[in-house]
Structure formats: C-alpha cells, structure tokens
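Accompanying notes for the structure given below.
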Amino acid sequence: MNMKISFIRGAYLNNFEGQNFDFSNQKDIDFRGYSSLFPIDDKVPFPVIRLFSLADLQTIPVLADVVRYVANRTLGDSQILFGLEKYISSSDIVHTADPHYYYSYQAAILRKKGAIKKLISTWWETIPFNNEGTAAKKRIKKFTMDNTDLFLCYAEKAKQCLLQEGVPQNKIIVIPLGVDISQFKPLKKNNETITILFAGRLVEEKGILDLYVAFKEILNRKIRAQLRIVGQGPLEDRLRESILKDGLTDVVTIGKKSYSEMPSVYQQVDIFCVPSKKTCSWEEQYGMVFIEAMASGLPIVSYNTGSIPELVDACGLFAKANDVSNLSTLIIQIIRAKELGEKLGTMGRERAKTIFDAKKTALRLVEFYRSLCK
C-alpha cells in the first residue's frame, strides 16, 4: 500500500532541509512537496507543486512590509497557499512546518474534518510562546497545535520549548537533520595564511559585525589571516564600506555562492565562525552551516547561544554571548594551537558521520512515517 505524504513548506522550501527527505528508492511512498511560487530553493529530491501565496508578493520590495503587516493582523500570516486543500486532501500524512504558518492552519482544518489521516508539524522554535505577536497569529498557532498528531523537532532545545508550551512528551519526536557527508568532507591543506569563514545571512543577529571587529583585533596581533564572508543581506553595503575604509580589501572578501558550491568553499578555509546572537524573538534554532562545517572537518568558534552548543558539542569553542574580545581570543587560540584545530576538526567530522548524515536521517524519517501508518 502506497503512503501519500504531503510535505508543505511554502516560501521556505529549501534543500538544506529537503536533502533529508530523499525517498526516491522507497517505492511505497508518494512524497510531494508544496511551496509558494518563489521558494528559497526548489532543487529538492522530490516533486514540488507550486501554489500562489501572499508571501510571493513579499518578493516585491515596495509591497513586502505592507503585505506582511496586513496579513499578520488579519489572516495571522502571509503564507496562505491558494488551492492547497484539493491537493493534500486524502493524504495519509501531511507534514507541515511550524504551526504559526497559515498553510499549517489550512492543513489543521482538514485534519479536524477528517480529510487527512495524520498531521505532523515540524517545530523549529526554541523560544517558548514566540510567534504570537498578533491575536490572529496566536489563534492559528493554537488551532494548529490542538489538531497536530505529532511534532517533529530537529533539536532537543526545540523539544524543551514545546514541553514548556504544554505539549505532552509522547507527542514529540526528535530526529536531527543532516547533510550529504559525501559532498561536505575535509580536504587536507597547508595554508600559510589562516582563512576564517562566515557563511550566512548578513544581518545583525548572525553576528557578522562582531566577527568583523574580532577579525580586526586578530590582525592587530600581527597574525596573518583572512576573512571570507559568504552570504547576502541588508548589512552588505555597510560591511563593504567598512572594509574599504579600513583598507582591508586584500584580506576580507564578500561573495555569494550556490549551495552546490559550498562544499568547495569549506574545503578552502581553516576555521568556521558564525557568532549568532540572541534577540527577544530569535536565536539560532538549528544552523545547518555548523553541521556542514563539522562534516568538512573545520574547527568552529561561535557564541554560546541557541542550539549551537547542542549541535557542535565538544567540536568547537564557545565565547560568552556578545563578547567580541572573547571571540577573537578563541579564534587566536585555534590559530596558534594547530593541533587543537586539527583535533576539533577531526571530532567534528566523526560527529557529522555519526549523527548528521542525511542518508541516515532519511531512513529514520521513513521508519517514523511508516509507524504512523500502521
């Protein structure tokens, strides 16, 4: 008997998560993804049906803030997928993302009516009672949670958040996401100049400005180093102006890379650092880049925030949150103690192979789905 599984991600469909759902060799599973017209990335290992969403209008800069504001206060969220119901009705399992998204609410309505057999919600959130900023958002989140059969967390910290929100432990399962460890793998190198890599959105909460200041402190210690920044975001222009003003164009670069190019990027550098910061409404919930760095055999330095310590464990060094001086000290420690960097990198690679292998995750997810359909 074939299982019909509908995987809903709206505008946030991406291959970081999607690579863990490669069921192409499972003949009894009909697995389809559902996204908006313009998702983050639809290069995933399963067929995708694109549906119009109000979130698509947010790709138009002049409309983005207005659409978000109005949708949050009326519908509760802009990620409504028009026509979704006719596609996912009669599914054995509908696997949606966090309950505060409108498409999750659409699925929950069908579950309450009995039009789908099981509803699973992935739960990324690590801050209890977050995403309840408007009455409408709070309403759809509660309704979806009340009609969800099981919650899938990728990190233990997310599970603890759910427990604090009152979800029973027997309705929560934790299965860590992984990466393709045959692509993200170490490459032996003997660089004379140490290169530090930042990969992520160029926004305040990712800590890129802190890392830039820490990097200048490293240079002030007469240490030969380079900073490679891979990513885009609202801080890019500010960073470029600072790099030019500080005369660091020879040692600091900013560029964009596709996901398929990232394994090579990790192989070219020596240290990975994304010092994510906690805000009142966000902290690093998972951070796939840390797993990619571990799989690539890189020592990691970051702030002790969010789920980063849980993912990286003993394979990295953690500075006190927002302590730039501490951050630079730890990076210098790895630069000067080559053996420490090699040890952390080796440990990270083994940890990735054991816990964060996407192929192993896919097998666990298959078992999880089948257990629900028995």
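As a basis for the values below, the full set of heavy atoms in this structure was taken, side chains included, without hydrogen atoms, waters or symmetry mates.
- Among residue pairs with one or both ends in residues 231-262, those qualifying as ring-ring contact (aromatic ring centres under 6.0 Å, His included) are Phe16-Tyr259, Phe184-Tyr259; sequence neighbours excluded.
- Between the side chain of Thr148 and the main chain of Leu150, no donor-acceptor pair closer than 3.5 Å is present.
- Applying the ring-ring contact (aromatic ring centres under 6.0 Å, His included) test to pairs two or more places apart or on separate chains, those with a residue in residues 124-146 are Tyr105-Phe143, Trp124-Tyr154.
- Legend: side-chain hydrogen bond (donor to acceptor under 3.5 Å, both in side chains) pairs involving residues 224-242, not counting sequence neighbours, sorted by first then second residue: Thr193-Arg224, Thr195-Gln226, Arg228-Gln268, Glu236-Arg240.
- For Arg9 and Phe7, the positive end sits near the middle of the six-membered ring, less than 6.0 Å away and at most 45° from its axis.
- In this structure, Tyr286 contributes its side chain and Leu177 its backbone to a donor-acceptor pair below 3.5 Å.
- Between Met288 and Gln19 the shortest side-chain heavy-atom distance falls below 4.5 Å.
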Below 3.5 Å, can you tabulate the donor-acceptor pairs from side chains in residues 243-252 to any protein atom, sequence neighbours excluded?
| unit_1 | atom_1 | unit_2 | atom_2 | d |
| --- | --- | --- | --- | --- |
| Asp246 | OD2 | Tyr212 | OH | 2.7 |
| Asp246 | OD2 | Lys216 | NZ | 3.3 |

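- The main-chain N or O of Tyr69 is never found under 3.5 Å from a side-chain atom of Asn72 such that the two would form a donor-acceptor pair.
- Ring orientation note: the planes of Trp123 and Phe151 are nearly perpendicular, at an angle over 60° on the 30°/60° scale.
- Cluster annotation: Val230 is connected to Leu209 through the hydrophobic network of ILVMFWY side chains, with a link wherever side-chain heavy atoms come within less than 4.5 Å.
- Although no hydrogens or angles enter the test, the distance criterion places a donor-acceptor pair under 3.5 Å between the side chain of Thr346 and the main chain of Glu342.
- Connection of Val94 to Leu51 is established within a shared hydrophobic cluster, with ILVMFWY side chains joined at heavy-atom distances below 4.5 Å, either directly or through further cluster members.
- In this structure, the side chains of Asp149 and Leu372 stay at 4.5 Å or more apart for every pair of heavy atoms.
- If you check the side chains of Gln164 and Gln160, you find no donor sitting under 3.5 Å from an acceptor.
- The local environment of NZ in Lys171 is crowded, with over 12 non-hydrogen atoms from other residues, nucleotides or ligands closer than 6.0 Å.
- In the hydrophobic clustering of this structure, Tyr102 does not group with Leu84; members are Ile, Leu, Val, Met, Phe, Trp, Tyr whose side-chain heavy atoms approach within less than 4.5 Å, directly or through other members.
- Remark: the backbone N or O of Lys43 is paired with a side-chain donor or acceptor of Asp41 at under 3.5 angstrom.
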Inset, instruction - Go through Ile196 and Asp270 one step at a time and tell me if the side-chain contact (heavy atoms from CB on, under 4.5 Å) criterion holds. - result: CA-CA 6 Å; Ile196 303 158; Asp270 304 282; over 6 Å; no
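- Annotation: side chain of Gln79 is in contact with side chain of Tyr12 (closest heavy-atom distance under 4.5 Å).
- Among residues two or more places apart in sequence or in another chain, the side chain to side chain donor-acceptor pair (under 3.5 Å) test is passed with Arg336 by none.
- Side-chain N/O atoms of Ser307 and Glu310 include no donor and acceptor closer than 3.5 Å.
- Interatomic distance, CD of Glu204 versus OG of Ser276, reported as 11.5 Å (0.5 Å rounding).
- A cation-pi arrangement is not found for Arg364 relative to Phe368, the charged atom failing to lie both closer than 6.0 Å to the ring centre and inside a 45° cone about the ring normal.
- In terms of the side chain to side chain contact (heavy atoms under 4.5 Å, CB included) criterion, residue partners of Asp56 (sequence neighbours excluded) are, by chain and number, Ser36, Leu37, Phe38, Phe52, Ser53.
- Looking at heavy atoms from C-beta onward, Tyr303 lies out of side-chain contact with Lys320 at the 4.5 angstrom threshold.
- A donor-acceptor contact shorter than 3.5 Å links the side chain of Arg349 to the backbone of Ala295.
- For the pair Cys273 and Leu327, the minimum side-chain heavy-atom distance is below 4.5 Å.
- Nearest heavy atom pair, residue Ile127 against residue Glu165, reads O-OE2, 4.4 Å.
- Within the 4.5 Å cutoff, no side-chain heavy atoms of Asn2 are placed close to those of Asp92.
- No side-chain donor-acceptor contact under 3.5 Å links Thr354 to the backbone of Arg351.
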Inset, instruction - Check the pair Cys153 / Ile172 against side-chain contact (heavy atoms from CB on, under 4.5 Å), numbers first and verdict last. - result: CA-CA 7 Å; Cys153 298; Ile172 309 170; 3.8 Å; yes
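- Note on Met3: it does not cluster hydrophobically with Ile116, by side-chain heavy-atom contacts below 4.5 Å among ILVMFWY residues.
- Within the 4.5 Å cutoff, side-chain heavy atoms of Tyr103 are placed close to those of Thr96.
- Cluster membership for Ile5 and Ile173, using ILVMFWY side-chain heavy atoms within less than 4.5 angstrom, is shared.
- For the salt bridge (Lys or Arg N to Asp or Glu O under 4.0 Å) with Glu132, the qualifying choice from Arg139, Lys142, Lys141, Lys137 is Lys141, the only one to do so.
- Residue Phe23 places its CZ atom among more than 12 non-hydrogen atoms of other residues, nucleotides or ligands, all under 6.0 Å distant.
- Put simply, the side chain of Leu211 reaches to within 4.5 Å of the side chain of Ile331, judged on heavy atoms.
- The aromatic rings of His95 and Tyr369 sit perpendicular, their planes meeting at an angle over 60°, well past the 30° parallel limit.
- Looking only at distances, a side-chain donor or acceptor of Asn130 sits under 3.5 Å from a matching main-chain atom of Ser281.
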